[in-house]
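Okay, here's the structure, questions in a sec.
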Amino acid sequence: MPQTEDPRSQDIAAGFNPRNGPSDPPAVAGGVGAGGDAGRTPLSNRIDRYDPPAIEARWQQRWEDDGLYHARDDDPRPKYYFLTMYPYPSGDLHTGHWYAETPPDTKARYMRMRGHNVLFPYGFDAFGLPAENAAIRNNIHPFKWTMANIDRMRQQAKRMGTMFDWSREVITCLPEYYRWNQWFFLQFYKRGLAYRQKAAVDWCPNCNTTLAREQVWGEDRHCERCGTPVIKRDLEQWFFRITNYAEELLNFDGLDWPERVKTMQTNWIGRSEGATISFKIDAASSPQAAGFNPQISESPLPLRERARVRVPGAASSDDASLTADQSEVISVFTTRPDTIYGVTFMVLAPEHPLVDSLTTPERRAEVDAYIEQARRQTEIERTAADKTKTGVFTGSYAVNPYSGDRVPVYVGDYVLATYGSGAVMGVPAHDERDFEFARKYGLSIPVVISPPDPRDPSGVGVDAEGRATPHSDQSVAAGPGGVGVEAEGRATPLSDQPEAVYIDPGIMVNSGPFDGTPSVEGKAAVIRHGEERGFARGTITYRLRDWLISRQRYWGTPIPIIYCPNDGIVPVPESDLPVLLPEDSEFVPTGESPLKRDDSFRLVKCPQCGADAERETDTMDTFVDSSWYQYRYLSHDYDQAPFDPAKRDWLPVSQYTGGIEHATMHLMYFRFFTKAMRDIGLIDFGEPAVKLNNQGIILGPDGEKMSKSRGNVVNPDDYVNSYGADTFRCYLMFIGPWSEGGPYRPDGIEGISRWLNRVWHLTLEPPVFNDTDEDATRELQRQRHATVRVVTDDLDEFRFNTMLAKLMEYTNYLGRAKEAGNVGPTAWQDAVETLLLMIAPAAPHIAEELWQRGGHAYSVHQQAWPTYDTALAQSETFTLVVQVNGKLRDRIDVPVDINEADATALAFASPRVQPHIEGLTISRVLFVPRRLVNIVVL
RNA sequence: GCCGGGAUGGCGAAACUGGCAAACGCAGCAGACUUAAAAUCUGCCGGCCGCGAGGUCUUGUGGGUUCGAUCCCCACUCCCGGCACCA
C-alpha cells in the first residue's frame, strides 16, 4: 500500500490525532485491501460504525476489478469528454492535486448519472527538469525516477476515489507518445510553422535553458518554474509560429471560458492598430559612402518578421515596398499617425540593424560605448519603467515624409528591438516617453493635437467657436542644458513649451493639410495620405511573440532535425521517427545537456547526402507535450497517427478544468495546437475545449503557498487515513467557491466528518414509524424535490460548496423527520435513496456502501440522477414579509397564491404593523407576489 | 500607470432578476447523557439599548437612484491577480 511506502506520511501521522487513529482499532479487521473479492463478499456481519478506510479500500478495489469507469467508445449515450489538466509526476500527490481533481471528478460522476457517456482520463506530464535535477543530484536516471514517481502517484491517486479511466493513461516521456511531438514538429516545419532563428532570448541561469516568453513572469522577469531572474542571450533557437494565429486567438466566439482567462489572453496577445511609416535617411547627413555594410542591410530584420505586419484592405501584404531599400529607410510603427507632424526625432533600439550604418565617424565612439553599456544591462534594468530615458545621437538625420522635417536619429535603450520595427518616431508633445527624452536632450516639443474642449485649462489653440487655430508657433527650442540637436525644416519660433504631454484625442493642429481634423479621424486620414504616396500603411501589431520551444536540457523530446554541412537543416524523415532519447547519456552537473556530449546520439549521417552530420541536441519545451495530449487519450497506443480518427466523435473536449496559472501559457499553446492541427487537416474544428473552469489555488493554513520549505504543506494522506477520502473530498469542496481557492483550515473538516456520520446512522437506523401524518409526509416529499433542484443547479454551475450545504440541510431535516417518526415508510425510503444518489458524486464510497446496505443493486454510480418536479418542490405557503417604509415589521405565513387584497388586508391587520402606521397617511402600498407587502407612510 | 476580480459576524462563507442580511459549517457558550471525559444530542451565538416585549444600528468609506440596495450609479480607501518604456 502506498502509505506504508512513504516514510514521511508515517512520521507526520505519528503526531496526528485522528478520530480513527492508530490506537483505535477498526471495527472490522482485515477488510482493508485484503483482497480483490472483498467487495463481493456479502456483509453478514454489520459494521455499525462508519469506518471510511475499510469501506473505501474495498470499493476502490471492486470498481477497478469491474472496470466500472472504463469509457466505452461504442456506448450509445451522448459522449462527454471531461478533461482535467494532468499532473507533473513530482513523486507526491499533494492537497493541490486533490483540490484540482476531486471536484471535477464529482462533476464528471454527476454528468455520468445524468446519462452521458463520460470519458475522464488521466495521465502524467512526464518530461521536465525535476527528473533531470534528481538525476544529477542522486545519480538516478530520469526515466527510472519518473516512472517510479508515476507508480507511486498512481497508487496515491487511486485513493482519491475518482472515476479516472486508467486504461487510457498517457505518459509523455515514453517514445510512443513523444514520437508524435516529433511528428507534429515535422508537419509544422513543412508548413513554415516551425523555424529556426537567432535571437536575443530569455535564459534562466538556474535551469540552464532558454524559456518561452510566456514562461518569464513578473516585474523582475523571473523564471516561471524556479523564480530566478532571467537574462538575455543571443542564440539560434527553434520557434513555433503561434503569431500566425494571433488574430484568431483573440476570437473566443462560442467558447464558454471564464472572462478572466479571455481577458488575460487578450492582453497577452496585445493587439495594436496603427501605421508603419517610412522615414528616408537624409542623404546629406548620412555616412553612406563609408559606413554602409550590405550584409547588415540585407540581413533579415527579425523584429520586423516577427511583428506579423498585416495590412487591412491592402492589395498586397508584402511590405517590401516600404522596406525594400532598408539602407535608406527607417520604418516605424506608431499607433498615433495623427501626431506625425509633431515628430522631432527618431529613436532606434540599440540592436537595430541600421544603427551601425547610420552612425557617423565622429559619433562612432559615443554610439559604440552606449550600445555596449546597453548590452551589459540586464533585461530588468533596461526595462524598468521608471528609468530615465537615455540615448545618443547617431549623427544622421531622417526626413518626415509628411512634413519634410529633417529630424535627428538617436539610439536609445527605451526602444525595444522586439516590438514593432524596433524604431520609433519621437512625438514629445503627445507621448510621455518621448516627452521625457526630448526634455533631457533639449529637443523641441511642438504641439500638434489640441484638446477639444475650449475650457480645458491646458487648452491652447482652440478659438471661441471651439475650432482649432493654427499653431505655427508652438514649437520651442531646448530647455536648459540641452545638447540641442534641433529638427530642421519648418520654422520653430519660441513659444510656451508645454509643461505636460497631452495624450488624449483632440484636434490636429500645426499639421499641414490636416489642420482642424479631429485626431480620431485624422489617424485614418494620415494613413490614407501616406498609402497613396507609398510611405505609410495601416498596420496591426501584436505583442505576442512566437513560441520558443528549444530547451538545452536532456529530459525532453529530441527535436527531429539534423544539421548537414552540405544540405543545412535537414528534417529527420518521418519513417525514422521516433528519434529516441538515449538512455545511457552521462549526467554531469556542468549545466549543459548530456546530449551535447553524447556522440552516439549527436553524430549521424545526413539522410539526404549521407555526409557526416550532427543531430540537434536541444529538446522541446514540455508544453509541447501538453498541447495535444487530449487527443492521445482517445487511442493511447495507436501507431499510425497522433490519434485514431475513428475516435473523433469524442472531440472536442466538452469540459476542461485546471489552474488559472496556465491562462497565458498552456492554454495559449493548447489553442494554437488545435488550430494548427485543423490546418494540417487532422480535425475540423479550431478550439480544443468548449467549456473551461478554473480552480483557485489551495494555500497552506497560514495563507501562504504550500511549500516544503515553509513547512505548511497539508498532506492528504494524514486526512485520508483518519477521516477517509470521502470526507477529505467533500471538505475541499466545502471550503468555499472552487474557483477562489484559499487557505486550508484544518479544523473545519470535523463538520464534514460529522455530517457523513449522520448520513451513515440516518440511513442504517430507520425511524420507528408511528402514525403517519399526511402533512409531514407531503413536506418530506417537498423537501426531497426542492433539494434535488438546488443540488442539480449547483452541480451544473460548479457550486460544490452550496451543493454540500444544501445536502447538509436536507440531512438535518431528515434527522428531525426521523425523530418525529410521523412520515410514511415509502416516502422515507424515497427520501433516503435520493440522499444517497445525491451524495454519490461527491462522496462515492459511502454512497456505494449505504446503497448496497440498503439492499439496492450495484452500483450506485450506474443509477440515474434523481429528477424533481418543480410543482412538488414548491411549498404551499410562504412567509409574507410586511414592511413599513421598507423596514421589516412582521412576517406572516400565507398561502403561495394569496392575492393582493388578502395580503394587504393581513398586513394592515397585523398588531406589529399597527403602531407604525397609526395616525400616519398611507401614501402607497406595494405588493410583490410571493415576497412582501410594503406600506409607505408619510 | 493600464486591465480584471474582490472587501459581508470571532473564522470559512451564503443570499435567484433590487425584496426577511448572515443559509451551511467551524470556533465559542449553556444544557442533556456520563462516576468522569470523549463522542453524540438540544438550545444560544453581529453590535448597542432593554428584565422583557421590543427598539435601534449593521454588508470597506462617503454620496446618489428607489417604496425598498450586499446587489444599480458616482467618488474614494484597501487587498488580490494579470500586464507594463509594447511606441
Side-chain angles (χ1 to χ4, degrees), chain A residues 19 49 217-219 258-268 270-272 274 307 332-336 339 347 349 382-389 412-416 418-427 430-434 436-437 541-545 660-661 663-664 696-697 731 734-737 739-740 742-752 754-755 757-758 761 790 793 799 801-812 815 819 878-891 912 915 923-926 928-937:
Chain A
R19 172 187 306 174
R49 208 194 49 178
W217 282 18
E219 209 168 335
E259 285 304 319
R260 187 164 167 213
V261 173
K262 293 195 272 187
T263 306
M264 283 170 74
Q265 293 201 350
T266 302
N267 291 343
W268 186 260
R271 183 181 196 273
S272 293
V332 298
F333 173 72
T334 177
T335 55
R336 294 296 301 274
T339 64
V347 187
R382 251 189 79 171
T383 56
D386 51 358
K387 204 188 93 173
T388 52
K389 312 277 174 281
D413 66 3
Y414 79 95
V415 175
L416 302 178
T418 48
Y419 184 77
S421 61
V424 301
M425 59 187 213
V427 186
H430 307 292
D431 181 283
E432 295 197 33
R433 297 151 300 183
D434 298 343
E436 198 190 314
F437 191 85
T541 300
Y542 303 90
R543 211 181 62 93
L544 180 71
R545 306 294 150 83
I660 186 72
E661 67 274 18
T664 56
I697 299 168
Y731 182 54
F734 189 65
I735 277 179
S739 58
E740 304 288 313
Y744 182 88
R745 292 174 318 109
D747 49 351
I749 197 168
E750 283 290 346
I752 297 289
R754 285 177 198 147
W755 169 57
N757 268 290
R758 281 204 301 278
H761 292 288
V790 171
D793 290 351
R799 291 189 297 249
N801 55 333
T802 50
M803 167 198 75
L804 288 166
K806 191 67 190 175
L807 287 173
M808 288 179 193
E809 217 178 327
Y810 182 58
T811 307
N812 294 343
E819 203 57 42
F878 75 98
T879 306
L880 179 76
V881 166
V882 183
Q883 299 177 336
V884 177
N885 285 354
K887 280 196 173 153
L888 177 81
R889 293 303 173 190
D890 199 4
R891 297 166 203 191
R912 292 175 203 259
S923 84
R924 291 174 70 179
V925 178
L926 288 110
V928 181
R930 293 218 42 146
R931 295 244 184 250
L932 54 71
V933 170
N934 187 10
I935 302 167
V936 184
V937 295

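Just so it is clear, the values below take in all heavy atoms, side chains as well, and ignore hydrogens, waters and symmetry mates. Note on naming: letters A, B, ... go to the chains in the order of the sequence lines (proteins, then strands), and numbering restarts at 1 for each one.
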Without decimals, in angstroms, what is the distance between A:Lys262 NZ and B:G82 P?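 One finds 20 Å between P of B:G82 and NZ of A:Lys262, rounded.
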Would you indicate what A:Glu432 reaches in the nucleic acid, counting non-hydrogen atoms under 4.0 angstrom: base, sugar-phosphate, or nothing?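 Touches nothing.
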Let me know the distance between CG of A:Leu804 and C1' of B:G25, rounded to the nearest Å.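 Rounding to the nearest Å, CG of A:Leu804 and C1' of B:G25 are 11 Å apart.
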Go through it in stages, so that I can follow the logic: the residues are A:Tyr419 and A:Arg545, the test is side chain to side chain contact (heavy atoms under 4.5 Å, CB included), and I'd like the CA-CA distance, side-chain angles, deciding distance and then a yes or no. CA-CA 9 Å; A:Tyr419 184 77; A:Arg545 306 294 150 83; 3.8 Å; yes
Among B:C85, B:A21, B:G54, the one nearest A:Leu888 by side-chain distance: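 Within the option list, the nearest is B:A21.
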When we call it a touch if two heavy atoms are under 4.0 Å apart, what does A:Ile735 touch: a base, just sugar-phosphate, or nothing?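 Sugar-phosphate contact only - A:Ile735 comes under 4.0 Å of backbone atoms but never of a base.
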Can you figure out which of B:C83, B:C24, B:G19 approaches the side chain of A:Arg931 most closely?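 The answer is B:G19.
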Expressed as a whole number of Å, how far does the P atom of B:G31 sit from that of B:C49?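 B:G31 and B:C49 have their P atoms separated by 25 Å.
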Do you see a donor-acceptor pair shorter than 3.5 Å between the side chains of A:Asn812 and A:Arg758?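 On atom types as modelled, these side chains qualify, holding a pair under 3.5 Å.
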Under 4.0 Å, heavy atoms only, any strand: does A:Asp434 hit a base, just the sugar-phosphate, or nothing?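 No contact.
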Using the P atom as the reference point in each nucleotide, state the distance between B:U8 and B:C3 in Å, no decimals.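 Those two atoms are separated by 25 Å.
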Which value, rounded to the nearest 0.5 Å, describes the distance between A:Ile752 atom CD1 and A:Ile735 atom CD1?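 One finds 9.5 Å between CD1 of A:Ile752 and CD1 of A:Ile735.
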Watson-Crick or G-U wobble partner of B:A75, both distances under 3.5 Å: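 B:A75 is paired, partner B:U61.
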Looking at every strand, decide which applies to A:Arg271 at a 4.0 Å heavy-atom threshold: base, sugar-phosphate, or nothing.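 No contact.
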What interatomic distance, in whole Å, is found between P of B:C80 and the corresponding atom of B:A22?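 31 Å, rounded to whole Å.
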Rounded distance (nearest 0.5 Å) linking atom CD1 of A:Ile749 with atom OH of A:Tyr731: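 Result: 7.0 Å between the selected atoms.
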For atom CD of A:Glu750 and atom P of B:A38, their distance in whole Å: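 In whole Å, B:A38 P and A:Glu750 CD are 13 Å from each other.
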Does B:A39 have its OP1 or OP2 closer than 4.0 Å to a side-chain nitrogen or oxygen of A:Asn757?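 Result: no.
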Return the OG1 to NE2 distance between A:Thr811 and A:His761, rounded to the nearest 0.5 Å.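 Those atoms lie 13.0 Å apart.
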Calculate the interatomic distance between A:Asp431 atom CG and B:A87 atom P; express it in whole Å.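 Between P of B:A87 and CG of A:Asp431: 9 Å.
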Taking the chi torsion of B:G9, is it syn (within 90° of 0) or anti (everything else)?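 Judged by the O4'-C1' to base torsion, B:G9 sits in syn, the angle falling within 90° of 0.
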Heavy atoms under 4.0 Å, any strand shown: does A:Arg260 hit a base, just sugar-phosphate, or nothing?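 It contacts sugar-phosphate atoms only.
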What nucleotide, of B:C26, B:C24, B:C67, holds the atom closest to the side chain of A:Asp747?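 Of all the options, the side chain of A:Asp747 is nearest to B:C26.
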Donor-acceptor pair under 3.5 Å, A:Asn934 side chain vs B:C67 base: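 Between B:C67 and A:Asn934, which were checked side chain against base, a qualifying N/O pair under 3.5 Å is present.
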Taking the side chain of A:Arg924 as heavy atoms from C-beta outward, which of B:C24, B:C67, B:A87 is closest to it?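 Closest nucleotide to the A:Arg924 side chain: B:C67.
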Do side-chain atoms of A:Asp431 reach the backbone of A:Gly426 as a donor and acceptor pair under 3.5 angstrom?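 No.
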Closest to the A:Ser272 side chain: B:G82, B:G12, B:A87?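 Nucleotide nearest to A:Ser272's side chain: B:A87.
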If you assign A:Leu932 and A:Glu809 each to the RNA chain B nucleotide with the nearest heavy atom, which residue ends up on the more 5' nucleotide?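 Closest to the 5' end, via its nearest nucleotide, is A:Leu932.
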Return whichever of A:Met808 or A:Met425 has its heavy-atom-nearest nucleotide of RNA chain B closer to the 5' end.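 Counting from the 5' end, the first nearest nucleotide belongs to A:Met808.
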Does A:Arg891 get its side chain close enough to the base of B:C20, under 3.5 Å, for a donor-acceptor pair?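 Indeed, a donor on one side and an acceptor on the other fall under 3.5 Å apart.
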Scan A:Val424 against the nucleic acid and name what it touches under 4.0 Å (heavy atoms): base, sugar-phosphate only, or nothing.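 Touches a base.
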Using a heavy-atom cut-off of under 4.0 Å over every strand shown, decide if A:Arg889 touches base, sugar-phosphate, or nothing.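 The residue A:Arg889 makes sugar-phosphate contact but no base contact.
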Report yes if some heavy atom in the side chain of A:Tyr810 is under 4.5 Å from a heavy atom in the side chain of A:Val790; otherwise report no.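 Counting from C-beta outward, A:Tyr810 and A:Val790 never come under 4.5 Å.
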For B:C24, take OP1 and OP2 only and decide whether either is under 4.0 Å from a side-chain N or O of A:Arg758.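 A:Arg758 to B:C24 OP1/OP2: no side-chain N or O under 4.0 Å.
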Integer angstrom distance from the C1' of B:G1 to that of B:C71: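 B:G1 and B:C71 have their C1' atoms separated by 31 Å.
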Would you say a side-chain N or O of A:Arg49 is under 4.0 Å from OP1 or OP2 of B:A39?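 For B:A39, neither OP1 nor OP2 has a side-chain N or O of A:Arg49 closer than 4.0 Å.
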B:C44 and B:A38: how far apart are their P atoms, nearest whole angstrom?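 Those two atoms are separated by 22 Å.
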Identify the nucleotide, in any strand shown, that forms a Watson-Crick or G-U wobble pair with B:C29, with both distances under 3.5 Å; if there is none, say none.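 Base-paired to B:G43.
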Determine the interatomic distance between C1' on B:C2 and the same-named atom on B:C57; round to the nearest Å.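 Nearest-Å result for B:C2 against B:C57 at atom C1': 40 Å.
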With hydrogens left out and only the distance checked, is there a donor-acceptor pair under 3.5 Å joining A:Glu259's side chain and the base of B:G5?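 No, the side chain and the base share no sub-3.5 Å donor-acceptor pair.
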Where the side chain of A:Asp413 is defined as all heavy atoms beyond and including C-beta, which of B:C41, B:G19, B:C85 is the nearest nucleotide?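 The listed nucleotide nearest to A:Asp413's side chain is B:C85.
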Base-pairing assignment for B:C2 (Watson-Crick or G-U wobble, both under 3.5 Å):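 In the structure as shown, B:C2 has B:G82 as its Watson-Crick or wobble partner.
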Roughly how far apart are A:Arg891 CZ and A:Leu932 CG, rounded to 0.5 Å?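 Atom-to-atom, A:Arg891:CZ and A:Leu932:CG are 12.0 Å apart.
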Counting any heavy atom closer than 4.0 Å, what does A:Lys806 reach on the DNA or RNA strands: base, sugar-phosphate only, or nothing?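 Nothing: the residue A:Lys806, judged by heavy atoms under 4.0 Å, touches no strand.
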Classify the nucleic acid contact of A:Asn801 as base, sugar-phosphate or nothing, counting any heavy atom under 4.0 Å across all strands shown.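 Sugar-phosphate contact only - A:Asn801 comes under 4.0 Å of backbone atoms but never of a base.
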What's the closest nucleotide to the A:Lys887 side chain, out of B:C24, B:C57, B:G55?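 Selected nucleotide (nearest to the side chain): B:C57.
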Go ahead and name the base partner of B:C24; Watson-Crick or wobble counts if both distances stay under 3.5 Å, otherwise write none.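 Base-paired to B:G12.
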Is it true that atom CD of A:Glu432 has more than 12 heavy atoms of other residues, nucleotides or ligands lying nearer than 6.0 Å?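 Check fails, neighbour count at 12 or below.
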Nucleotide nearest A:Val415 when distance is taken to its side chain, options B:C24, B:A87, B:C67: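 Looking only at side-chain atoms, A:Val415 lies closest to B:A87.
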A:His430 NE2 - B:C85 C1' separation (whole Å):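 In whole Å, B:C85 C1' lies 19 Å from A:His430 NE2.
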Side chain of A:Met264 - closest among B:G82, B:C83, B:C85: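 My answer, after comparing the listed nucleotides, is B:G82.
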Spacing of A:Tyr731 atom OH relative to B:A13 atom C1', expressed in whole Å: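 Whole-Å distance recorded here is 11 Å.
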Taking the P atom of each, how far is B:C29 from B:A13, in whole Å?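 B:C29 and B:A13 have their P atoms separated by 24 Å.
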Would you mind reading off the distance between A:Arg754 atom CZ and B:C24 atom C1', rounded to a whole angstrom?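 Result: 14 Å.
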Could you check if a side-chain atom of A:Lys887 sits within less than 4.5 angstrom of a side-chain atom of A:Asn885, using non-hydrogen atoms only?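 A side-chain contact is absent here, since even the closest heavy-atom pair is not under 4.5 Å.
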Scan A:Trp268 against the nucleic acid and name what it touches under 4.0 Å (heavy atoms): base, sugar-phosphate only, or nothing.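 The answer is sugar-phosphate, as A:Trp268 gets under 4.0 Å only of primed atoms, P, OP1 or OP2.
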Using atom C1' of each nucleotide, how far apart are B:G28 and B:G10 to the nearest Å?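 Going atom to atom, C1' in each nucleotide, I get 8 Å.
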Closest to side chain of A:Pro737, choosing from B:A14, B:C83, B:C26: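 Of the candidates, B:A14 comes closest.
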What's the CD-P distance between A:Glu819 and B:U42, to the nearest Å?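 In whole Å, B:U42 P and A:Glu819 CD are 8 Å from each other.
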